[in-house]
Amino acid sequence: MKIAKKIKDVIFNNFGLKVLAAVFAILLWFMVVNITDPVQTRNFTVNVQVTNAEVLQDTGEYYTIPEGKTQITFQASAKRSIIEKLSPSDFTASADMNHLDRDKNRIPIDIAATRYSGSVTISTRTYYLPVNIGKQKTGKFVITPLSSGTPADGFAVSSLTAAPNIINVTGPTDIIDSINSVTATVDVDGMNSDASQDVVPVLLDNDGKQVDMTNVMSDVESVQVTASIMSVKTVGIDVKTSGELQSGYQLGDITVDPNEVQVMGSSDVLNALSTITIPPTVIDLSELTTDFTTTVDISSYLPSGVTLVNSSDSKVKITVNVLSKTEKQLDIPTKNITIQNLGKNLTASFDNDTIPVTISAFGSDLSELDSSTITGIVDASGLKAGNHTVNVTLNLSDEYTVTDTVTTGITIKKE
């Protein structure tokens, strides 16, 4: 009992002072703690993540964030011992698309600490992420396979295929409407056999510029483009004709532009090919009286398994030159005519100083034909003294023709 009484006396003796001392000690501890580890406030900048963005797909819409608005700066408070350990990676900032304010086109941002969350106080200010909302569209496009580079000498690309060859692209309506074509390019530089590559398709607008894919999605990430490589050979073009020209006309030159083309195919087929023949059914000479020009597609006359290296070479221009006769009247001086085989003791003279002659030619320029330069002969074999009409043989090149028999009068006398 005495012990209990002593304990009671110890506890309750000067009890008020003891309570006051305890309160003072607690206050002193708080003061010391706040002085040595005070609460501090700092700014942090983090990227804002949009969540539940897929809710816009149900309404056929898309969103974009204005440039420079993807980050948020906020204030966070904590004791110095804690806040000094924090970095932007210890916070998250998220904007839930379900809370989109369509009137102001903004989403409230929820900021949270991922470390020391119970000891960190974040500013109660409400931050917002501005967004642009627009309608989206899906377009379907054919993928056009292309090649770059130059195959090895003697080889060319015969065909290109892409698998898959269809791409579906979803994005802002104005961007989808600006797409003009989709290409996928395989590199064939130095190749001498078939080549295949996985390449990323490229979207091009009407100006041939690449479309910005920032807000665009496609169902095809890459396509396999295969280039078929074949041997190349240069061959000429041979034109056959049917029928004959009418009387008074002569066939001149037949020209082809281009007169040779490059073709490709397997080596065994090309070895047997020297020319591309245009059949006689294309040009009927019996119907022509003037020069004739036509354009022919030679692709239909290529052997099986052979194609043109350049498809633009399929059309060739054929020109048929038809020559018609022209005539010219000339007076040939008889002094240019030689009398041959005249009998002994006989002399001969021409009755006239000139001989009228009509000369014709096909397509030649008769204006340059000079009568003073034309010569000829008369054969006086067996002729006796007296007046005679004799034939004159003129010395003319093969391109000229005398239309009628040329005759002249001569007088033969005895010496």
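Nothing fancy with the numbering, it's 1 onward along the sequence.
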> Does the side chain to side chain contact (heavy atoms under 4.5 Å, CB included) test come out yes or no for Val392 and Ile355, once each step is laid out?
Replying inline: CA-CA 9 Å; Val392 180; Ile355 304 172; 4.0 Å; yes

> Should Val322 and Thr290 be marked as a side chain to side chain contact (heavy atoms under 4.5 Å, CB included) after you check the CA-CA gap, both sets of side-chain angles, and the distance that decides it?
Replying inline: CA-CA 5 Å; Val322 177; Thr290 59; 5.7 Å; no

> Are Arg102 and Ile133 close enough, and set up right, to give a side chain to side chain contact (heavy atoms under 4.5 Å, CB included), and what steps lead you there?
Replying inline: CA-CA 9 Å; Arg102 287 186 172 274; Ile133 305 298; 4.1 Å; yes

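A pairwise comparison of heavy atoms in Leu270 and Ser231 identifies CD1-O, 3.3 Å as the closest pair. Heavy-atom minimum distance, Phe44 versus Leu86: CE2-O, 3.8 Å. Between Lys69 and Leu129, the shortest heavy-atom contact is O-CD1, 3.2 Å. Nearest heavy atom pair, residue Thr319 against residue Thr293, reads OG1-OG1, 3.6 Å. The minimum heavy-atom distance between Gln75 and Tyr127, with the atom names listed, is N-OH, 4.0 Å. Across every non-hydrogen atom of Tyr63 and Ile65, the tightest pair is CE1-CG1, 4.0 Å.
Sparse packing is recorded around NZ of Lys317, with 12 or fewer heavy atoms of other residues, nucleotides or ligands lying under 6.0 Å away. Shown here is Glu221, whose CD atom has no more than 12 heavy atoms of other residues, nucleotides or ligands within 6.0 Å. For Asp353, the CG atom is loosely surrounded, since the number of other residues' heavy atoms within 6.0 Å does not exceed 12. For CG of Asp153, the number of neighbouring non-hydrogen atoms (other residues, nucleotides, ligands) closer than 6.0 Å is 12 at most. Residue Glu244 places its CD atom among 12 or fewer non-hydrogen atoms of other residues, nucleotides or ligands, all under 6.0 Å distant.
Within the 4.5 Å cutoff, the side chain of Ile318 has heavy atoms near those of the Ile254 side chain. The shortest distance between side-chain heavy atoms of Thr226 and Val186 does not fall below 4.5 Å. Within the 4.5 Å cutoff, the side chain of Ile374 has heavy atoms near those of the Ile359 side chain. Side-chain contact check for Asn192 versus Pro151: every heavy-atom pair is 4.5 Å or farther apart. Side-chain atoms of Val261 and Val235, non-hydrogen and from C-beta on, do get closer than 4.5 Å to each other. Contact of the Lys104 side chain with the Tyr128 side chain is not registered, since no non-hydrogen atoms from C-beta on lie closer than 4.5 Å. Taking the side chain as every heavy atom from C-beta outward, Val55 and Asn98 approach each other to under 4.5 Å. Proximity of Val239 to Val320: side-chain heavy atoms (C-beta onward) are nowhere separated by under 4.5 Å.
Of the inter-residue distances, the one linking Leu330 atom CG with Asp370 atom CG reads 8.5 Å to the nearest 0.5 angstrom. Within the model, atoms CG of Leu342 and CG of Asp379 stand 10.5 Å from one another, a figure rounded to the nearest 0.5 Å. Here the CD1-CG distance, from Ile167 to Asp219, works out to 6.0 Å after rounding to the nearest 0.5 Å. How far OG1 of Thr326 is from CZ of Phe362: 9.5 Å, rounded to the nearest 0.5 Å. We find the OG1-CD distance between Thr401 and Glu327 to be 10.0 Å, quoted to the nearest 0.5 Å. Atom CZ of Phe141 and atom OG1 of Thr183 lie 12.5 Å apart (nearest 0.5 Å).
Of the N and O atoms on the side chains of Asp253 and Asn321, not one donor lies less than 3.5 Å from an acceptor on the other residue. For Asp284 and Ser286, the side-chain atoms include at least one donor-acceptor pair closer than 3.5 Å. Ser148 and Thr185 share no side-chain donor-acceptor pair at under 3.5 Å. Side chain to side chain, Thr375 and Asn395 meet the donor-acceptor criterion of an N or O pair below 3.5 Å. For Ser158 and Ser228, the side-chain atoms include at least one donor-acceptor pair closer than 3.5 Å. Looking at Ser81 and Asp37, their side chains do bring a donor and an acceptor atom within 3.5 Å of each other. A side-chain N or O of Ser89 and one of Ser87 form a donor-acceptor pair less than 3.5 Å apart.
No donor-acceptor pair closer than 3.5 Å links the side chain of Ser314 to the backbone N or O of Asp297. Remark: side-chain polar atoms of Thr358 are not paired, donor with acceptor, to backbone N or O of Thr403 under 3.5 angstrom. Of the possible polar contacts, one joining the Thr334 side chain to the Asn352 backbone as a donor-acceptor pair under 3.5 Å is found. Judged by distance alone, the side chain of Asp101 and the main-chain N or O of Asp103 form a donor-acceptor pair under 3.5 Å. Put simply, the side chain of Lys137 never gets that close to the backbone of Ile176: no donor and acceptor are under 3.5 Å apart. The backbone N or O of Thr150 lies less than 3.5 Å from a partner atom in the side chain of Asp189, making a donor-acceptor pair. Gln224 places no side-chain N or O within 3.5 Å of a backbone atom of Ser196 that could act as its donor or acceptor partner. Listed for the Ser218 side chain is a donor-acceptor partner under 3.5 Å among the backbone atoms of Val220. A donor-acceptor pair under 3.5 Å is absent between the side-chain atoms of Asp205 and the main chain of Ile179, judged by distance alone. Judged by distance alone, with hydrogens and angles left aside, the side-chain atoms of Lys135 form a donor-acceptor pair with the main-chain N or O of Thr59 at under 3.5 Å.
Each of Val188, Val157, Ile229 was scored for a side-chain contact (heavy atoms from CB on, under 4.5 Å) with Asp194, with one residue passing: Ile229.
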